[in-house]
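Below is one structure, written out as structure tokens; comments come after it.
Throughout, a chain's letter reflects where its sequence line sits, starting with A, and its residues are numbered from 1. Remember, it's a predicted structure, so these values are computed and weren't measured experimentally.
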Protein chains: 2
Amino acid sequence: MVVTMRQVAQHAGVSLKTVSNVVNHYEHVSASMRSRVLTAIDDLGYQMNVTARNLSTGRTGMLALALPELQLPYFAELADAVMDAADDLGYTVLIEPTAGMRTGELEVLRSPRRSMSDGLIYSPTALREADRAALSVDFPMVLLGERALASSVDHVAMANEVGGRMVTEHLLAQGCRRIAIVGAHDAETGAGSLRQRGARSALEAAGLDSDVASAGAQRWSRETGRAAVMDLLAREVRFDGLLALNDAMALGAMRALWEAGVDVPGQVRVAGFDDIEESRYARPSLTTVNPGRAEIARRAVQLLVDRIEGRAVEAAEYQVPAALVVRESTR
Amino acid sequence: MVVTMRQVAQHAGVSLKTVSNVVNHYEHVSASMRSRVLTAIDDLGYQMNVTARNLSTGRTGMLALALPELQLPYFAELADAVMDAADDLGYTVLIEPTAGMRTGELEVLRSPRRSMSDGLIYSPTALREADRAALSVDFPMVLLGERALASSVDHVAMANEVGGRMVTEHLLAQGCRRIAIVGAHDAETGAGSLRQRGARSALEAAGLDSDVASAGAQRWSRETGRAAVMDLLAREVRFDGLLALNDAMALGAMRALWEAGVDVPGQVRVAGFDDIEESRYARPSLTTVNPGRAEIARRAVQLLVDRIEGRAVEAAEYQVPAALVVRESTR
DNA sequence: GTGAAAGCGCTAACAG
DNA sequence: CTGTTAGCGCTTTCAC
């Protein structure tokens with residue numbers, strides 16, 4: 001039999017409300033009342049039923065975080081950062097995996113489970129232009145990504161385009177002249193296209209061919225990076241630089257280059273994007289762009305909580321600055 | 001204003017109960033009733049309030065999963081596997097990070113948030129002998145790990161000891177004679193000590209020194225692996241084989257060896273434990289033990305759900321078999 | 001400062 | 001097969 005607040009009240013000889021006040025750290029409770037209640041709680045081993053409180057308050061204290069999958073290291077690290085940030089503000093994170101698929105991403109917006117969280121941090125990767133309408137939701141949400149898709153929603157964007165340009169300029173400065181890009185997919189929007197656009201602009205500014213070769217990939221994993229390089233090699237594409245649109249692919253690419261006997265950075269310099277921890281330990285360690293993950297997480301959570309708690313005014317947009325991290329793979 | 005079931009009922013001209021029946025796919029509802037209700041739901045844009053249902057049923061449909069942090073790749077992959085398994089049975093996973101600390105691990109058992117999930121999958125790493133009592137809980141729980149700590153709770157264990165022995169025997173078979181072990185901590189229980197015990201038994205069986213050198217580590221990360229090897233090297237310990245008690249440390253160790261100009265597997269063969277995805281892409285790819293993560297996740301979820309739904313009888317224990325995965329780092 | 005009563009939105013007997 | 005009636009355990013006016 002589970003102990004309820006009412007029983008605690010009885011045991012302590014006070015009213016229900018008093019127990020509630022104590023439990024919720026309400027200011028004006030006499031010390032004696034408080035300690036009486038506390039003792040009763042202890043005696044009975046009372047534990048608050050959070051679900052009941054949720055129903056009563058209309059809040060759950062949970063933030064949903066929608067992302068493709070934790071197996072992709074970037075998202076695991078992001079999730080960790082979001083959990084930390086949420087915890088600081090007294091919220092818990094509920095991770096909603098979308099498998100990086102459009103259906104999964106739309107599902108998150110509509111599932112009844114949505115009502116179990118007070119708001120949503122949403123990082124869509126597969127949504128299309130046609131899904132724009134789905135983003136007009138009536139609950140607190142902040143989008144991780146560009147303003148492109150929905151304009152009237154809070155956004156926290158990373159510097160994809162600038163980052164893409166920076167890292168490409170670095171490759172150029174290191175002497176690369178034929179840079180292959182790995183991970184492009186034909187989405188007209190999203191991180192991929194922006195990073196790519198940044199890269200192209202750097203190449204064009206240097207008067208170089210901005211389309212040496214690109215290998216696409218839907219899922220940005222080590223495996224797709226590896227496959228992309230094997231494809232480039234099979235097609236005998238020549239390149240002296242390789243920009244993978246995220247670190248996981250870059251790591252897979254380096255593996256494939258090594259298997260093929262291509263020296264990095266000797267014959268090909270390789271760079272990625274995301275600055276996941278793994279990149280620091282790779283052989284060679286990977287040059288990449290640090291998108292400011294912790295800052296993104298903090299901003300997103302703060303924005304969402306402001307909205308939930310009614311402090312937000314109009315749709316905000318933050319752009320978190322990126323930083324180039326030069327390591328062995330491009331030296 | 002949010003739409004409730006009552007309003008749907010009114011709009012459809014039926015009773016509350018009928019709407020509930022339809023929404024919950026209750027068998028015996030006439031087709032006409034059903035479609036009337038469905039139309040009303042559609043008209044009004046009704047969305048079930050899951051919290052209210054939770055309070056009413058006493059269930060939340062959520063399973064809590066306590067683990068150190070998602071930044072450690074093994075746990076990210078485990079979380080993914082648990083989420084998949086839970087999803088198959090109609091449950092959602094709520095991840096509870098413990099930071100790998102005793103206080104965090106105890107907190108999970110006591111926090112009021114506990115009542116937001118129907119059960120707990122618990123993978124303690126820092127609990128001590130003295131905490132045994134804390135594991136006598138009155139809610140459904142399955143422990144990931146050995147029976148050592150609590151005997152009357154459902155367990156799903158991986159083959160730590162056997163795995164440790166297998167991988168060590170492999171190192172020996174490859175000619176290693178002085179094997180250093182990385183990651184030992186002095187816990188008398190837990191995965192580390194078991195893997196180590198397996199390793200020692202293999203060494204002793206071969207008549208070799210089972211205590212060449214070991215470097216401890218509390219947090220089993222790439223960084224601690226790297227630091228451990230730097231320490232061994234600084235102490236000029238000689239070894240021709242290195243067993244890290246998990247892959248992350250092995251990867252960090254390989255990085256340190258490379259930095260020190262030690263060839264793997266030429267001068268030192270390296271092996272890990274966990275078979276995380278990253279190990280397949282490392283240079284050289286890492287020999288390791290596959291503990292059957294997916295199977296562990298499936299079993300744990302199944303066991304927990306059985307208990308939650310009242311199908312479980314007495315405390316069960318599963319031991320999932322491990323498999324040696326030989327790769328370049330020991331060839 | 002503390003108590004009584006009315007819900008929060010849904011489920012589940014139990015009738016009908 | 002459908003409707004009525006109580007709760008689930010907590011919060012929250014609003015009196016006292």
Side-chain angles (χ1 to χ4, degrees), chain A residues 1-38 40-41 44-62 111-118 139 309, chain B residues 1-38 40-41 44-62 90 111-118 139 309-310:
Chain A
M1 198 44 216
V2 74
V3 184
T4 77
M5 212 149 138
R6 148 169 276 109
Q7 298 175 45
V8 174
Q10 253 159 19
H11 187 95
V14 302
S15 90
L16 229 181
K17 168 67 172 155
T18 303
V19 179
S20 174
N21 282 342
V22 171
V23 172
N24 294 299
H25 308 105
Y26 184 65
E27 304 262 334
H28 308 291
V29 186
S30 65
S32 67
M33 277 285 127
R34 160 166 285 112
S35 76
R36 246 165 79 194
V37 171
L38 258 18
I41 287 180
L44 271 45
Y46 168 71
Q47 278 223 305
M48 156 91 75
N49 178 328
V50 177
T51 301
R53 177 217 263 155
N54 291 348
L55 176 59
S56 209
T57 59
R59 292 280 191 72
T60 64
M62 297 214 294
S111 139
R113 199 154 69 216
R114 230 290 314 154
S115 66
M116 287 209 63
S117 52
D118 297 337
F139 51 81
E309 299 181 353
Chain B
M1 198 46 216
V2 73
V3 184
T4 77
M5 212 148 137
R6 153 169 272 108
Q7 298 174 45
V8 174
Q10 253 160 17
H11 187 94
V14 302
S15 90
L16 228 182
K17 170 67 173 156
T18 303
V19 179
S20 174
N21 283 342
V22 171
V23 172
N24 293 300
H25 308 105
Y26 185 65
E27 305 260 335
H28 309 291
V29 185
S30 67
S32 67
M33 276 285 127
R34 161 167 284 115
S35 75
R36 245 165 79 193
V37 170
L38 257 18
I41 287 180
L44 273 44
Y46 168 71
Q47 279 223 305
M48 154 92 76
N49 179 327
V50 177
T51 301
R53 177 217 263 153
N54 290 348
L55 176 58
S56 207
T57 58
R59 293 279 191 72
T60 63
M62 298 213 295
S111 141
R113 202 154 67 217
R114 229 291 312 154
S115 66
M116 286 208 64
S117 51
D118 298 336
F139 50 82
E309 299 180 353

Next item on the list: Take atom CZ of A:Arg6 and atom C1' of D:dT11, then tell me their distance rounded to the nearest Å.
Entry: 13 Å

Notebook entry, point to check: Going by heavy atoms in the side chains, are B:Val22 and B:Val14 under 4.5 Å from each other?
Noted result: no

Item checked: Interatomic spacing from OG1 in B:Thr4 to CD in B:Gln47 - rounded to 0.5 Å -> 13.5 Å

Check: Within less than 4.0 Å of OP1 or OP2 of D:dT2, is there a side-chain N or O belonging to B:Ser30?
Finding: yes

Note to self: Over all strands shown, is A:Asn54 touching base, sugar-phosphate only, or nothing at heavy-atom distances under 4.0 angstrom?
What the structure shows: nothing

Item checked: A:Asn21 or B:Ala52, whichever maps to the more 5' nucleotide of DNA chain D -> B:Ala52

Margin query: Is there a side-chain contact between B:Met48 and B:Asn24 in this structure, where contact means two heavy atoms from C-beta onward sitting under 4.5 Å apart?
Written below: yes

Notebook entry, point to check: Phosphate oxygens OP1/OP2 of C:dG9: is one of them under 4.0 Å from a side-chain N or O of B:Thr4?
Noted result: no

Next item on the list: For A:Gln7 and D:dC8, give me the distance from atom CD to atom C1', rounded to whole Å.
Entry: 13 Å

Note to self: Is there, by distance only and without an angle test, a donor paired with an acceptor across the side chain of A:Thr51 and the base of D:dG9 below 3.5 Å?
What the structure shows: no

Item checked: Rounded distance in Å - CE (B:Met5) to C1' (C:dT11) -> 8 Å

Notebook entry, point to check: Nearest-Å distance, CZ (A:Arg53) to C1' (D:dT12)?
Noted result: 14 Å

Next item on the list: Figure out the CG/P separation between A:Asn24 and D:dT13, and round it to whole Å.
Entry: 13 Å

Margin query: Categorize A:Tyr26 for me: base, sugar-phosphate, or nothing, with a 4.0 angstrom heavy-atom threshold over every strand shown.
Written below: nothing

Next item on the list: Send over the distance from A:Arg59 CZ to C:dG9 P, rounded to a whole Å.
Entry: 15 Å

Item checked: Interatomic distance, B:Met5 atom CE to B:Thr18 atom OG1 [nearest 0.5 angstrom] -> 9.0 Å

Checklist line | Along DNA chain D (nearest heavy atom to each residue), the more 5'-positioned of A:Val23 and B:Ser32 | finding: B:Ser32

Next item on the list: Pick base, sugar-phosphate or nothing for B:Val14, based on heavy-atom distances below 4.0 Å to the nucleic acid.
Entry: sugar-phosphate

Check: Which nucleotide, C:dT2, C:dG9, C:dA12, lies nearest any side-chain atom of B:Lys17?
Finding: C:dA12

Notebook entry, point to check: Can you check whether A:Asn54 reaches B:Met116 side chain to side chain, under 4.5 Å on heavy atoms?
Noted result: yes

Next item on the list: Taking the side chain as every heavy atom from C-beta outward, state whether B:Val23 and B:Ile41 have any atom pair closer than 4.5 Å.
Entry: yes

Item checked: Under 3.5 Å donor-acceptor, B:Ser20 side chain and B:Leu16 backbone -> no

Next item on the list: Verify the contact: side-chain N or O of B:Thr18 to OP1 or OP2 of D:dG3, cut-off strictly under 4.0 Å; return yes or no.
Entry: yes

Margin query: OP1 or OP2 of D:dT2 versus the side-chain N and O atoms of B:Ser15: is any pair under 4.0 Å?
Written below: no

Notebook entry, point to check: Using rotation axes that map the C1' atoms of four end pairs onto the next four (five pairs an end), what angle separates the end axes of the helix from C:dG1-D:dC16 to C:dG16-D:dC1, to 10°?
Noted result: 30°

Next item on the list: Figure out the CD/C1' separation between B:Gln10 and D:dG3, and round it to whole Å.
Entry: 14 Å

Check: On DNA chain C, nearest-nucleotide positions of A:Met33 versus A:Leu16: which is more 5'?
Finding: A:Met33

Notebook entry, point to check: Backbone N or O of A:Val50 within a donor-acceptor pair of the B:Ser115 side chain at under 3.5 Å?
Noted result: yes

Note to self: With a 3.5 Å cut-off and heavy atoms only, can you find an N or O donor on one side and an acceptor on the other between the side chain of A:Ser56 and the base of C:dG7?
What the structure shows: yes

Next item on the list: Check the distance between C:dG7's P and B:Leu55's CG and give it to me in whole angstrom.
Entry: 17 Å

